[in-house]
Amino acid sequence: MPFIPHTADDVARMLEVIGARSIDELFDEIPADLKASSLGAVPASLCEMEVARLLGDRAARDGRLLNFVGAGAYEHHIPAPVWAITTRGELYSAYTPYQAEASQGTLQIIYEYQSMMCALTAMEVSNASLYDGASALAEACLMAVRAHRAPEARRILLPRSVNPIYERVARAITGHQGLALEPLDYDRATGCTTIAALEAAAVQGAAALVIQQPNFFGVLEDVDALTDWAHAHELKVIAVVNPISLALLKPPGEWGSGSGALKGADIVCGEGQPLGVPLASGGPYFGFMTTRMQNVRQMPGRIVGRTVDLEGRPGFTLTLQAREQHIRRSKATSNICTNQGLLVTAATVYLSLLGPAGLERVARACVERTAELVRALTRVPGVRLRFAAPRFHEAVLDLDRPVAPVLEALAARGIAGGLDLAERYPELKSALLVCATETKLPEDIERFAAALADILRKADA
Amino acid sequence: MPFIPHTADDVARMLEVIGARSIDELFDEIPADLKASSLGAVPASLCEMEVARLLGDRAARDGRLLNFVGAGAYEHHIPAPVWAITTRGELYSAYTPYQAEASQGTLQIIYEYQSMMCALTAMEVSNASLYDGASALAEACLMAVRAHRAPEARRILLPRSVNPIYERVARAITGHQGLALEPLDYDRATGCTTIAALEAAAVQGAAALVIQQPNFFGVLEDVDALTDWAHAHELKVIAVVNPISLALLKPPGEWGSGSGALKGADIVCGEGQPLGVPLASGGPYFGFMTTRMQNVRQMPGRIVGRTVDLEGRPGFTLTLQAREQHIRRSKATSNICTNQGLLVTAATVYLSLLGPAGLERVARACVERTAELVRALTRVPGVRLRFAAPRFHEAVLDLDRPVAPVLEALAARGIAGGLDLAERYPELKSALLVCATETKLPEDIERFAAALADILRKADA
Amino acid sequence: MNKHGDREPLIFELGKPGRRAPSQMPPPASSPLDLPAHLKRSAPPALPEVSELQAVRHFTRLSQLNFSIDTHFYPLGSCTMKYNPKACNSLAMLPEFLGRHPLAGEPQGFMACMFELQEMLRDITGMQAVSLTPMAGAQGEFAGVAMIRAYHRERQDDARREIIVPQAAHGTNPATAAMCGCTVREIPCDASGDIDLAALRAAVGPHTAGIMLTNPSTLGVFEHRIAEVARIVHEAGGLLYYDGANLNAILGKVRPGDMGFDVIHMNLHKTFSTPHGGGGPGSGAVGVGPRLVPYLPIPLVALKDGRYRWLSERDRPSSIGRLSGFMGNAGVNLRAYVYMRMLGREGMVRVGEFATLNANYLMKRLVQIGYEAAYPERRASHEFIITLKQEARRYQVTAMDVAKRLLDLGFHAPTTYFPLLVPECLLIEPTETETKEELDRFCDAMGIIRREMEQEPEKLRSAPHTMPVRRLDDVRAVKQPDLSFKPAA
Amino acid sequence: MNKHGDREPLIFELGKPGRRAPSQMPPPASSPLDLPAHLKRSAPPALPEVSELQAVRHFTRLSQLNFSIDTHFYPLGSCTMKYNPKACNSLAMLPEFLGRHPLAGEPQGFMACMFELQEMLRDITGMQAVSLTPMAGAQGEFAGVAMIRAYHRERQDDARREIIVPQAAHGTNPATAAMCGCTVREIPCDASGDIDLAALRAAVGPHTAGIMLTNPSTLGVFEHRIAEVARIVHEAGGLLYYDGANLNAILGKVRPGDMGFDVIHMNLHKTFSTPHGGGGPGSGAVGVGPRLVPYLPIPLVALKDGRYRWLSERDRPSSIGRLSGFMGNAGVNLRAYVYMRMLGREGMVRVGEFATLNANYLMKRLVQIGYEAAYPERRASHEFIITLKQEARRYQVTAMDVAKRLLDLGFHAPTTYFPLLVPECLLIEPTETETKEELDRFCDAMGIIRREMEQEPEKLRSAPHTMPVRRLDDVRAVKQPDLSFKPAA
Ligand SMILES: Cc1ncc(COP(=O)(O)O)c(C=O)c1O
Ligand SMILES: Cc1ncc(COP(=O)(O)O)c(C=O)c1O
């Protein structure tokens, strides 16, 4: 009986105490006609050794690719202590710290995490995580609408240079509450959102402008101008940022020229995965969200606060719970309950190990490797750089042919060569989004360039 | 400065307290002409990411083989909890439990380990580990000599069916103290040590007989007869056993027909690796040793005892240290100090998870898989079974040609096909020692047999 | 505070300007940073500056301040704190799985696991199709209610915007309904914990989108008349949503599909033993009956011509869409897959059996000690409720006091004050992975607490006494929010 | 006892007949066991019978009872308790390394690491060749002395069987000499901790096999006149053995080969930061000068024609032979290799520098507080000795009392009563990986203890007070040995 410790003797004695003749009798309140028949699709039990063999074989079958895909999930070196600590039983197998006194470890880690996210984004409060970057944007949109003075403001201006998957997710999640997400086109030369595009949009009933920095094309937006424009039009600014990039880039809390309540973005969110979380086929990652203190009561998700105990000593506890579903039920800021705590632990350890200097090194290496990648790939005949604007660690390349077969040929050589943009951007028919982080060596970049050149040449021949 | 936390400010303040102007000044007692020049053979520092890449590439280069080698190190499934627990910082980064009150975790684990080894071997006391199985036999020989009544008894009867590497190691370690290890031949038909071979040996000045069960050929010795013979001739019996096999085989404490002080083996030792320790290119493993209480003061290595604290509560501590080098110096039972504690932790968790029933399953699966392997391989033309005696999980096969090139051809197909016995046993010129544990599936055995058949056929053609 | 009486400082307090963990820093850049000044950060973020040892020691020490399944019995009701097998973690962390980018092709090995997981969950729930993308129970609920809405909408019946939930429902149920743009109507339970059928009949109508039910309910009892409930709601044109967070109770015993439910979410992080991680991650897979299949959230894994494929917008035009950037908490799903393969068919059934055995045994023992079961005449399911309303009156001790005192005695507390409708309640869920001895030890502790109530109630009111901190001031936490560390200027 | 006041039972006490962890059991055999009855076991071994959760919980709880580098400052002298980088472990545990059978060919990736490790250690020690096979310091010593004997024997000079060791030598030195069939002559140190040269001169002669020295010595000071010592011993026909357990002190600063030593062992588990594991494993690599190269223990790794090869008996006929079944503690060596690559050339030098800085700082601070350094006029090396003989006389407290009280204050105690020749001594080795703040906290604790000595010495004598157990009865442990659990019949 896997994971069940009962001996026959235990069962007999327990049934005796209960006063039942069999375990089956304990289910006598279930109407007989509902009782399930056997589970045909569930195979017989395997022991750990057998499952390990099965999974090992499957993993080997999937193998390892030299990865140049980014598009919202980024390969970074994960320091060995991160998961050594994160998988410690005390952190891995605890739950939501409802009993604060028996959960000070988790609580202090979350408090430290919140502090780090505030520091990175230059905001005042952080929650304890949301599910992922995409759903965090959805929550941010809902929050912006709640926080906006005008109750009829339910439109969100959403540039097309924002991750298109985020757009899909935000639409799926916010649509039922009647939010309208309105696309803003990007400048074809720079890949950026322009004031001109904003001016062309109807401001009427708009609650917020979303600004992604660096944007989906890896290009840097003019965040100051966009923020000022939004605030001038009484729109909240929702910043979507890559936390690694914040070692180099102006933090959302300082975007624009405003001051006081108008200083910087109003809500900051994004994908936390780059901070020590493995790619892992897409999850679990975590979404982060920070904001100004004035908005805290509109914030979704758990928040940890520092307080004192009976003896006046500092301690940590879940707080401001009146925002949450278990207290406010249908009036809650969100339905989120279980979040992504373990990943937050990983991120907290990651940021502690990197520190400001380490994070800057990582970010600079990303910028440099990507510049090298762009140089190497654009030397390949038939490959051109699409957008000329300054970038972080991604770039859009134009090929002289459709991207999909090229990516397949690269995969056959063990290279994940980027993301084909054709599906999401019809106007970018043969555009490839590539990424290089600090994990890439010069020989990796060479290998990619050589393979690409070879593939394009062979296809031509 | 990898792993050094000092800031420039720290250094300045510390030097000020010390009253030195520079760190260099702290080395002013070292004669100037001895100061080292730079280290030419040590490359520049790599960061963790770079080392991880280097090691990852090297590991990938080594790849994974389907393993049928045994010969003293055995591939078993290692339950996932074993190393999850063993690598917990509190166990991994503690040292010898000199401060018992701050080391109750390690101490209790060793006490539990000692208890388990006593249970497995049917002996009364166990030490806390020795380096490995081979060196444990060397220590057992020295101990037997110390424990033997006659001080001139310094000869050890060492059957050739004992692991020949153990013989080498025992010779290297005991030789300087004038011990003579005398080979006893095995029966060519059964691969066993016979009473006839014992009768042919000179008993004069012999202190002990070594009995390995199962022996190096995987064959089961008639341990009762051998033990009785040894005791009848006033020899100590040193048992070398595989702990996994003890789930099925008579424990050394019950060998022979003696009773009282003559009951069973006198000293039991062996390689602990099968108990949850990975193959890992040969180490770290651990040697175990158990004996009867009457011999405890001759035992090498640390021992943990249960005692009470000031308040009468039970607790654990290192004990009987008067045997050890830090107390007795040149009169110690051994020079061993650091042992293989972490591996003992792994073994303790392993044995706890397996329990008597699990261990028996593992042992039975080993027997069964090996029988299947022998059946499959001896169906290959040109392959015969060498010894007909009952066996545990290894077997000697005779090929119709030299083994070395066949093993090379198997390796090229990703199979580690066993050990060539020619080097160690000149009379076994084309003999191959193979092993199958519970980890082998029917298709693995088939794959081996098919590859072997193919290789032999192709070489014939 | 660690166990030696020192408070563990904040990681920021351990830091010092200029201190680093250099092995974690990639080599420095070789060219100057070429970015426009107005886009650059002017001052580095105030992150901690510590050595690698400091970080490791800090977080190791912090971890020891937690109670967890690996260290303590953790009978937190409605949370299913069962043993999380280590193999689930180590196999999900095989380097090939970890290293795979979600947009890098269709890894057949990984996708085989996901496909088989879909199939197993389908079978267990008696549903027609399953999607693994929701990232926790609440998101599974969202998916479910969104599908219900999509169903009504596609039938031009979009006025159905009311979701019925029993009073005792988990907070995520009404919150989800609201997130889906629905209004919520709560209906009461009767004295035996079942739904008040009269109230239900009165509540349904042309505005009814559906009902969200947990069965066994959060009151820890099985809803007898579930078939009748289904009939009432279906006849009114509504759909039935099964909150499957408590699936542990009925695994292999009853299938929600057979009870007439149209949609279910499962908490894989409960029933299928993926880690709770100090608050998450979870996985809230959803299963649907025939009516809702077209609306399942994407991506799904399909098997076609021997190849596993992701199904996306193109394949599933009626889908409610994507709920996550990629495919949900993939690694959590992988852990659940490993767990389910180890349990196997027979093991599944035993989970429900022994979870129920443990709950009924513990309930009986506690009643023998003198505690009052909220529904004494009912069988416990996988959990049950103790109400301390008598004790509160007699001794002026609260459920919270008992909870805190249990910590002192080495047990994580049960869920307190949920469901709210039972006064001073403890919702106790032992799970199937605990031994009889552990349950007996818990009863011994509850016996001690009972004596203390009578003889020294102050000890309870001021508990805990042996934890890293004494009882914390939650009011102050709200009134003077201190939500992040502010470095001294 | 765990931190909540319950003793953690023995794993045997947690067990119950028939209880199992079934996921850890391979499928049952399909055929009956065909072994002769007289070779079979009659009753199953009395191993614990617990569930997987019970085992995990038990060992997790036990682990928390330990002090360790990852949780506490651990200034245990002569043990170099520095940070063990996590990467050393995770990279040594890559599946390809773990899965390799030691007799399965010559894995070039792994062997490249071993070869480079040999080369780096050769360079660091200034020796001519290195063997990695000894499994700990003591076995390294054994290899060294055995090589010295082999050298004399091959020169027909086998009467040289006396090994000289300073009084303060580590116990393994004389014990090793005895294991190698040598007699031991101890020579005293002078007042400043250096070897008494007159005594040395008087001791050497045609019976002298060699001298075993630690430098810096176990007294924590650098032997000034090492060149003179070397001259005396070499002129007498003996060889010089360097006990390199304390290499941390001089890494990159002095090379034993340059000091005239013929052979050295290193404790990779100290200087090169492989785990101490609650007592081991270690690795005691040996390096030799030109005279001893032929005798190195096997196997060695050689690089020939671009291929790494194991050298065995055939290649090295004069070798003292094999000391382990395969190639020593391979995985420990791999961890040391990773560590050394991360340190790099510059990092090596800094280890010695900052280990020495920390030791000298801590010594100075403790002296300022009022403690007495054993060699106040000398520089500390990587460690230093405090003697409490004054305090013992004045307050009747012992070094042991101070050690135990330090545990209460959250610090692992320094090494006590070694070297024995310094009365009531504490041998303190902070290592380079600790921060100034941590050293200051330790000084604060030592300050508190000083006050307690004066004001409440009983608090020290009865310490520790806050550990899982109070002070243990070692005498009873010896007199009534209880060395294994005996199940109640
Ligand atoms: C009955 C019930 N429904 C729903 C949920 C919500 O699940 P999650 O926390 O995974 O979002 C929970 C658990 O917290 C629950 O117990
Ligand atoms: C000076 C000295 N020499 C030798 C040794 C013995 O080393 P090991 O314990 O690795 O056998 C030690 C450590 O314990 C030591 O400190």
Side-chain angles (χ1 to χ4, degrees), chain B residues 5 10 14 41-42 44-45 48 55 58-59 61-62 69 85 89-90 92-96 101-102 104-106 115 118-119 131 134 168 172 176 278 280-284 305-307 309-310 315 317 319 325-326 329-330 332 335 338-342 352-353 355-356 358 361 364-365 416 438, chain D residues 24-26 29 44-46 49 55 59 62-63 65-70 87 91 94 96 98 101-102 104 107 109 123 135-136 138 171 174-176 178 180-181 184 255 275-282 321-322 325-326 329-331 344-345 353 361 435-436 467 469-470 472 477 482 484-485:
Chain B
D10 289 335
M14 292 169 82
V42 181
S45 163
E48 186 187 292
L55 275 272
R58 285 185 177 170
R61 181 172 169 196
D62 291 349
V69 195
I85 287 167
E90 297 92 325
Y92 187 84
S93 77
Y95 202 15
T96 309
E101 298 85 355
Q104 288 293 299
T106 289
S115 305
C118 289
Y131 299 131
R168 295 282 171 106
H176 298 286
S281 293
R306 182 160 57 171
T307 180
D309 73 1
L310 271 182
T317 187
T319 193
Q325 47 74 30
H326 63 288
R329 303 178 70 85
S330 65
N335 67 342
T338 294
N339 59 20
Q340 307 283 121
L342 198 66
S352 303
L353 288 166
R361 282 264 188 101
R364 299 252 343 231
E438 85 282 6
Chain D
Q24 302 308 343
M25 300 172 74
E49 300 183 72
F59 291 109
L62 281 184
S63 77
L65 305 184
N66 272 3
F67 278 25
S68 65
I69 305 174
D70 279 8
L91 295 177
L94 288 174
E96 292 86 353
L98 283 193
H101 192 287
D123 190 25
M135 291 179 285
T176 297
C180 288
V184 176
R255 308 195 309 168
H276 285 75
R322 292 180 184 270
F326 302 103
N329 281 334
R345 193 183 306 133
E353 292 180 348
Y361 173 74
T435 60
K436 174 174 177 297
M467 291 290 100
V469 289
R470 300 290 305 279
L472 289 163
D482 170 357
S484 68
F485 171 75

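Chain letters run A, B, ... following the sequence lines, proteins first, then strands; residues in each count from 1. Source: prediction; values computed, not measured.
- The backbone N or O of Ala175(D) sits nowhere less than 3.5 Å from a side-chain atom of Asn335(B) that would complete a donor-acceptor pair.
- In this structure, a donor-acceptor pair under 3.5 Å is present between the side chains of Thr338(B) and Tyr95(B).
- Heavy atoms of Leu55(B) lying under 4.5 Å from chain D belong to its backbone as well as its side chain.
- Interface remark: of the candidates Pro356(B), Pro278(B), Gly315(B), Ala332(B), Pro356(B) forms the most heavy-atom pairs closer than 4.5 Å to chain D.
- For chain B, the option among Ala138(D), Pro44(D), Ala136(D) with the highest count of heavy-atom pairs below 4.5 Å is Ala138(D).
- Interface check for chain B: of the options Ala104(D), Gly325(D), Gly321(D), the most heavy-atom pairs under 4.5 Å are formed by Gly325(D).
- Highest contact tally toward chain B, considering only Arg255(D), His101(D), Lys436(D), is held by His101(D) [criterion: heavy-atom pairs under 4.5 Å].
- Leu94(D) touches chain B through its side chain: at least one heavy atom from C-beta onward sits under 4.5 Å away, while N, CA, C and O do not.
- Proximity of a side-chain donor or acceptor of Asp62(B) to a complementary backbone N or O of Glu96(D) within less than 3.5 Å is not detected.
- The choice from Ala172(B), Gly358(B), Ala134(B), Ala416(B) that makes the most heavy-atom pairs within less than 4.5 Å of chain D is Ala172(B).
- For the set Thr96(B), Ile85(B), Asp10(B), the entry with the most heavy-atom pairs within less than 4.5 Å of chain D is Thr96(B).
- With hydrogens and angles disregarded, a donor-acceptor distance shorter than 3.5 Å links the side chain of Arg345(D) to the backbone of Val42(B).
- Between Thr106(B) atom OG1 and His276(D) atom NE2 the span is 12.5 Å, to the nearest 0.5 Å.
- Considering only heavy-atom pairs separated by less than 4.5 Å from chain B, the leading option among Ala87(D), Gly277(D), Gly282(D) is Gly277(D).
- The residue among Glu101(B), Arg306(B), Arg61(B) with the most heavy atom pairs within less than 4.5 Å of chain D is Glu101(B).
- Taken from CZ in Arg361(B) to CD in Glu438(B), the straight-line distance is 12.0 Å, to the nearest 0.5 Å.
- Of all the listed residues (Gly305(B), Ala44(B), Ser115(B)), the one sharing the greatest number of non-hydrogen pairs under 4.5 Å with chain D is Ser115(B).
- Asn66(D) and Gly105(B) get closest at one heavy-atom pair: OD1-N, 3.1 Å.
- For chain D, the option among Ala102(B), Gly355(B), Gly282(B) with the highest count of heavy-atom pairs below 4.5 Å is Ala102(B).
- Looking only at distances, no side-chain donor or acceptor of Asp70(D) sits under 3.5 Å from a matching main-chain atom of Ser93(B).
- Put simply, of Gly181(D), Pro281(D), Ala178(D), the one with the most heavy-atom pairs under 4.5 Å next to chain B is Pro281(D).
- The distance from the CG atom of Leu62(D) to the CD atom of Gln104(B) is 9.5 Å, given to the nearest 0.5 Å.
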